[in-house]
Engineer: 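This structure is in structure tokens; I'll ask about it shortly.
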Number of protein chains: 2
Amino acid sequence: MAGQDSNVRENAGTEVGEDQRVRRITLHDQVVTRLRDLIVEGQLAPGSRVPERELCERFDISRTPLREAMKVLAWEGLLDLSPNRGASVSEVSIEAVDEVFPVMGALEALSGELACRYVTDAEIEAINACHQRMVRHYRRRQLDEYFRCNQEIHEAILRAARNPTLARTYQGLSGRVRRMRYIANLEQSRWDQAVSEHEDMLRALHERNGEALAHILRTHLKNKLDAVKDYLVQRKGTTDAD
Amino acid sequence: MAGQDSNVRENAGTEVGEDQRVRRITLHDQVVTRLRDLIVEGQLAPGSRVPERELCERFDISRTPLREAMKVLAWEGLLDLSPNRGASVSEVSIEAVDEVFPVMGALEALSGELACRYVTDAEIEAINACHQRMVRHYRRRQLDEYFRCNQEIHEAILRAARNPTLARTYQGLSGRVRRMRYIANLEQSRWDQAVSEHEDMLRALHERNGEALAHILRTHLKNKLDAVKDYLVQRKGTTDAD
DNA sequence: CGATTGAATTTTGTATACAATTTTGGCCTA
DNA sequence: TAGGCCAAAATTGTATACAAAATTCAATCG
């Protein structure tokens with residue numbers, strides 16, 4: 001009876017569930033994706049102001065779709081908007097990391113539990129294949145490819161949780177954290193640890209041990225964010241006195 | 001050092017933390033709040049289409065700020081947008097409730113734990129006062145006033161968690177659920193139960209027992225959503241055959 | 001020489017105009 | 001009469017124009 005349910009959604013670009021049947025994507029949707037990538041990849045430095053004019057020229061569009069996109073990114077927390085004073089890329093502070101962690105941690109743990117409940121054998125196999133690819137990239141020290149597989153795995157788990165609301169909520173937060181991986185490059189010891197944690201994940205998924213997977217995902221996230229925080233502390237030390 | 005932090009935020013209307021020093025609120029911010037209220041209060045029926053023209057006339061504004069507001073509400077999940085085909089109010093289905101519960105439950109539990117960690121005696125006292133008011137309204141069967149106190153308490157707990165990201169994320173989801181309280185009116189037995197659960201909450205908060213509060217909040221939410229689901233099932237039964 | 005005030009410039013907020021797509025209604029045909 | 005096709009209307013997507021606020025910079029005053 002409820003026909004309106006599986007409609008095309010906004011921000012299709014970063015959704016976990018893929019409805020790729022949309023051929024005509026609106027301009028501001030593209031802008032949301034492209035602008036988010038710009039921020040996430042650090043091409044727009046945290047704290048820097050973002051005049052509308054500049055972005056209009058860069059994307060070669062008018063202000064209307066750009067502003068609509070900026071509203072969404074402000075809601076996601078990637079931009080700070082001040083009335084009549086414009087937009088600036090939100091800062092990545094240690095406090096922000098500490099603030100985001102418990103929330104993402106709770107969601108990540110939940111996704112682990114739900115994923116173990118609903119994941120299919122085929123999905124586990126696919127995730128396993130992706131994991132093996134990731135390990136190969138890890139051995140060859142191919143950072144970019146490694147990250148791509150890494151994110152693919154996390155998205156697959158999120159998808160296996162069979163909860164679009166969870167996925168959307170998590171992704172909304174992850175943008176703020178994802179860019180940190182560009183800011184803080186992986187140290188070798190942390191990298192070894194991360195791969196080891198991923199092994200644990202796969203095992204828990206195989207055994208469909210939701211509690212274990214939840215715990216691993218949470219720890220995994222915490223370790224990752226701690227690494228980012230270390231980097232931020234260190235960086236702060238170079239600019240501040242003492 | 002990071003000066004951009006405590007800037008005015010978008011959607012100030014429903015934030016938990018109150019920065020009321022802003023005198024000049026932009027038009028689309030007002031529209032976000034007003035349109036959300038319209039949806040939450042059920043004045044725009046779930047599933048109904050929402051032509052821009054109509055809302056422009058109702059709010060007496062042009063399409064530009066309205067569209068910016070609609071983008072945000074679509075992100076919140078209150079509106080479904082289809083390119084070139086307009087907006088419709090998202091449906092409130094049983095599946096949607098089941099989907100939202102685990103996510104909100106996890107966040108609610110988290111807020112309980114954090115609140116017990118950071119809440120001050122003064123805050124507990126304020127919450128307690130609000131609780132007493134709520135009980136009075138409950139005894140007098142004043143539904144609207146009861147709900148107002150109820151929401152105030154939940155917001156106070158969320159605020160005590162000292163985590164704006166958590167608050168924002170939770171509020172983003174709560175809009176979808178809040179309107180259900182208008183759809184499904186409280187039955188007496190459920191009402192008794194809810195008040196009793198609130199007593200438990202206050203006790204846990206007093207004892208600063210985070211684990212207990214987390215559990216109570218989660219159960220409280222589950223009971224509330226179950227009541228909504230019962231109502232939806234019943235309602236569906238009257239329209240569908242069997 | 002520094003601070004303050006005020007006009008010019010820039011930037012944002014809102015409204016309107018134009019283009020493109022979808023929906024609707026009617027007409028024609030099989 | 002039913003179905004399909006084309007045109008007209010309505011609705012959405014985008015661009016531009018105008019208004020208001022904020023920033024800048026310089027000139028004047030202390």
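Proteins come first, then strands; the chains are lettered A, B, ... in the order of their sequence lines, and each starts at number 1.
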Engineer: Please give, in whole Å, the distance from D/dT12 P to B/Arg63 CZ?
Structural biologist: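 Checked: the CZ to P distance equals 7 Å.
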Engineer: Looking only at the side chains, is there a donor atom on one of B/Arg179 and B/Ser174 sitting less than 3.5 Å from an acceptor on the other?
Structural biologist: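 Note: B/Arg179 and B/Ser174 side chains miss the donor-acceptor criterion.
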Engineer: Calculate the interatomic distance between B/Glu54 atom CD and D/dT12 atom C1'; express it in whole Å.
Structural biologist: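 So the CD-C1' distance, B/Glu54 to D/dT12, works out to 15 Å.
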Engineer: Please figure out whether B/Arg53 or A/Ile61 has its closest DNA chain D nucleotide nearer the 5' end.
Structural biologist: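 Closer to the 5' end of DNA chain D: B/Arg53.
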Engineer: Using atom CG of B/Leu27 as one end and atom C1' of C/dA15 as the other, report the distance to the nearest whole Å.
Structural biologist: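 B/Leu27 atom CG is separated from C/dA15 atom C1' by 11 Å.
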Engineer: If you only use heavy atoms from C-beta on, which nucleotide in C/dA15, C/dT11, D/dT14 is closest to the side chain of A/Pro65?
Structural biologist: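 Between C/dA15, C/dT11, D/dT14, the one nearest the side chain of A/Pro65 would be D/dT14.
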Engineer: Using the rule side-chain contact (heavy atoms from CB on, under 4.5 Å), only one of A/Val50, A/Thr33, A/Leu44 pairs with A/Leu38; which is it?
Structural biologist: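 Answer after filtering A/Val50, A/Thr33, A/Leu44: A/Leu44.
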Engineer: Of all the nucleotides listed (C/dT14, D/dA21, D/dG13), which has the minimum atom distance to the side chain of B/Thr26?
Structural biologist: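 Taking heavy atoms from C-beta onward, the closest nucleotide is C/dT14.
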Engineer: What is the distance, rounded to the nearest whole Å, between atom CG of B/Leu66 and atom C1' of D/dT12?
Structural biologist: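 Result: 12 Å.
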Engineer: Regarding B/Glu152 and B/Arg133, does a basic nitrogen lie under 4.0 Å from an acidic carboxylate oxygen?
Structural biologist: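 Yes.
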Engineer: Decide, yes or no, whether a salt bridge links B/Arg67 with B/Glu52 under the criterion of side-chain N to carboxylate O below 4.0 Å.
Structural biologist: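 The answer is yes: the pair qualifies as a salt bridge.
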Engineer: Could you tell me how far apart B/Asn84 (CG) and C/dA20 (P) are, to the nearest whole angstrom?
Structural biologist: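 After rounding, the gap between these two atoms is 12 Å.
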Engineer: Find which nucleotide of DNA chain C each of A/Ala87 and B/Asp60 is nearest to by heavy atoms, and output the residue with the more 5' nucleotide.
Structural biologist: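 It is A/Ala87, whose closest nucleotide lies nearer the 5' terminus.
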Engineer: Between C1' on D/dT14 and CG on A/Leu55, what's the gap in Å once rounded to a whole number?
Structural biologist: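 From A/Leu55 CG to D/dT14 C1': 17 Å.
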Engineer: Check whether any side-chain N or O of B/His28 sits under 4.0 Å from OP1 or OP2 of C/dG13, and answer yes or no.
Structural biologist: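 So the side chain of B/His28 is outside the cut-off, no N or O lying under 4.0 Å from OP1 or OP2 of C/dG13.
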Engineer: Report the distance from atom CD of B/Glu68 to atom P of C/dT12, rounded to the nearest whole Å.
Structural biologist: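 It is 13 Å, rounded to the nearest whole Å.
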Engineer: Between B/Glu155 and B/Arg178 (salt bridge meaning N to carboxylate O under 4.0 Å), is one present in this structure?
Structural biologist: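 Looking at B/Arg178 together with B/Glu155, the answer is no, because their closest N to O distance does not fall below 4.0 Å.
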Engineer: Atom CZ of A/Arg67 and atom C1' of C/dT12: how far apart are they, to the nearest Å?
Structural biologist: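 Value for this atom pair: 6 Å.
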Engineer: Let me know, please, whether A/Thr64 or B/Pro51 comes out on the 5' side of the other along DNA chain D by nearest nucleotide.
Structural biologist: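 Comparing both residues, the 5'-ward one is B/Pro51.
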